[in-house]
Protein chains: 2
Amino acid sequence: MKKYIPILKQTKLFDGLGEEEISAMLGCLQAKQYSYKKGEYVFRQGECLSNITVLVEGNLHIQKDDYWGNRSIINTVGVGEMFGEAYAAPGSGTLLNDVVAVEDSTVLFFDVRRILTVCSSACKFHSMVVQNLFFAISEKNRRLVQKLGHMAKRSTREKLISYLSEEAKRQNSGTFTIPFNRQQLADFLSVDRSAMSNELCKMRDDGLLTFEKNRFTLL
Amino acid sequence: MKKYIPILKQTKLFDGLGEEEISAMLGCLQAKQYSYKKGEYVFRQGECLSNITVLVEGNLHIQKDDYWGNRSIINTVGVGEMFGEAYAAPGSGTLLNDVVAVEDSTVLFFDVRRILTVCSSACKFHSMVVQNLFFAISEKNRRLVQKLGHMAKRSTREKLISYLSEEAKRQNSGTFTIPFNRQQLADFLSVDRSAMSNELCKMRDDGLLTFEKNRFTLL
DNA sequence: GTAATTCGGTTGTTTTTACAACAGAAAGAG
DNA sequence: CTCTTTCTGTTGTAAAAACAACCGAATTAC
């Protein structure tokens, strides 16, 4: 687990802490490490969470499948990102979505109660971590609202423009890659894949953008 | 401002604190009180927030209008609820939405830095309030994900069922009222009002539900 | 009380999307 | 290398939503 400390140092959760301090906290927070093969579930809808987790290898999707097989991708989790933090509060209820590995992935689990309860031992960074937790979840909140903004658009084209513009802005470049293939992007925006594919090509023909695989350029 | 202390005592932000403690904190947090007439803006998109606010009277909508006048209602804020907390972190950027009073409303403003910085004076409840803040934003996060769930549904009927079912569950009753009129509900679910109205009536004819104004019963 | 405005429902038309089926290209397995 | 599977784009059709226009009822303003 030690080898992931440089990654943890980069996370929002441990922002401001040194490697030695993180190392000390790993024990204090009862960190556990699990690995998942591509396609495996990390969590399933309806489960009770008692951990905050950090992805240290791979890629995850937070998603939901309905009775008819329609998939909706809520969010992606990249290396260094956290998930499960919205269920840390007592009385949060059960998980609303599935969390699934879209690549071979490794996840660190931290005991929620250990984070929220100031421990008696030497590690005095709990209050800092709680504030980090608050900042991190704030950012997620803002991103969820942005996603709502994409999905609120009435047409597929507008949804695409809304999403791709944000991504360009976020990556500070008119050329950027997205973490989705076509089907996943359609599931993320809640539209039909073939219709979306069609719309993308029309937008290219209209001179709005170019693309190759998951690399896009806005014009 | 004192008269709102019983309301503040009921909020998630001050959960666990007594009236005297809240009273003390009002000064410590530099609370300010503002009132808004129906239709007035509390905040506008693009503003910088440096306050966490609590609604103590009235009703607010967090919403966004696009260039063509399409309105999208992100969320409602009821008495005792908080808003702006997602922008408390440094580097949060500017507000993505408008916040508007849909009734005559009164709002209390609290200085964010005062909340996050432990003050030197006697009031020792800051860490508790930060944790409360974290729990509150967690819940908002889960509700946003639920809203994404409604909006991810492909048809207007499914969106309605998804939203109304959740509302029934939340209010623990098959009969419940919603905080929207028809236009607002349409803006909330991002669909056309007349089409939605039509669909609601079809659903009633199909025996799925009954309604009168903003009072619904699921069958 | 009357006028004006808002609100909810209805209908017909146009536009958009979903759905289904297929084909070529690319990627992966053996 | 060859076979299989996945991925992306394409097309036509059916279904659904958006849009516009209108009406009566309810609410609000004066």
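Just the heavy atoms: all of them, side chains too, but no hydrogens, waters or symmetry mates, feed the values below. As the structure is a prediction and not an experimental result, all values here were calculated from the model. All chains are named by letter (A, B, ...) in the order of the sequence lines, taking the proteins before the strands, and each is independently numbered beginning at 1.
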(request) Under 4.0 Å between any heavy atoms, over every strand shown, what does B:T156 touch: base, sugar-phosphate, or nothing? Just pick one. (result) sugar-phosphate
(message) Pick the closest DNA chain C nucleotide for B:K213 and for A:K213 by heavy atoms, then say which residue is nearer the 5' end.
(response) B:K213
(request) Round to the nearest Å and state the distance from A:F211 atom CZ to D:dT8 atom C1'. (result) 9 Å
(message) Would you say B:N181 places a side-chain N or O within less than 4.0 Å of OP1 or OP2 belonging to C:dC7?
(response) yes
(request) Find which nucleotide of DNA chain D each of A:N214 and A:R154 is nearest to by heavy atoms, and output the residue with the more 5' nucleotide. (result) A:N214
(request) If the plane angle is over 60° it's perpendicular, under 30° parallel, otherwise tilted; pick one for A:F211 and A:F216. (result) tilted
(request) Would you mind classifying the nucleic acid contact of B:S155 as base, sugar-phosphate or nothing, using non-hydrogen atoms under 4.0 angstrom? (result) sugar-phosphate
(request) For A:R157 and C:dT16, give me the distance from atom CZ to atom P, rounded to whole Å. (result) 9 Å
(message) Quick check: on DNA chain D, is the nucleotide nearest B:A195 upstream (toward 5') of the one nearest A:R182, or the reverse? Name the residue that is more 5'.
(response) A:R182
(request) Quickly work out the A:D192 CG to D:dA15 P distance and round it to whole Å. (result) 15 Å
(request) Answer with yes or no after comparing the ring centroid distance for B:F110 and B:F14 against a 6.0 Å cut-off, counting only values under it. (result) yes
(request) Look at the side chain of A:R193 against the base of D:dG9 and say whether a donor-acceptor pair falls under 3.5 Å; ignore hydrogens and angles. (result) yes
(message) Can you measure B:N198 atom CG to C:dG8 atom C1' for me and round it to whole angstrom units?
(response) 12 Å
(message) Please pick, from D:dG9, D:dA18, D:dA20, the nucleotide with the shortest atom-to-atom distance to any side-chain atom of A:S197.
(response) D:dG9
(message) Against the six-membered ring of A:F188, is A:K147 placed for a cation-pi contact (under 6.0 Å from the centre, within 45° of the normal)?
(response) yes
(message) Rounding to an integer number of Å, can you tell me how far B:Q184 CD sits from C:dT6 C1'?
(response) 12 Å
(message) Tell me whether the side-chain N/O atoms of A:K159 come closer than 4.0 Å to OP1 or OP2 in C:dT17.
(response) no
(request) Return the value, rounded to whole Å, for the distance between atom CG of B:D187 and atom P of D:dC19. (result) 12 Å
(request) Examine D:dT28: is either OP1 or OP2 under 4.0 Å from a nitrogen or oxygen in the side chain of B:K38? Give yes or no. (result) no
(message) If you only use heavy atoms from C-beta on, which nucleotide in D:dT11, D:dA18, C:dG9 is closest to the side chain of B:C201?
(response) C:dG9
(message) For A:F109 and A:Y34, take the angle between the two ring planes, folded into 0 to 90°, and tell me which bin it lands in: parallel under 30, tilted 30 to 60, perpendicular over 60.
(response) perpendicular
(message) Tell me the closest heavy-atom pair linking A:L164 and A:F176, and the distance in Å.
(response) O-CZ, 3.4 Å
(request) For B:E212 and C:dG9, give me the distance from atom CD to atom C1', rounded to whole Å. (result) 15 Å
(message) Could you tell me how far apart B:L200 (CG) and C:dC7 (C1') are, to the nearest whole angstrom?
(response) 14 Å
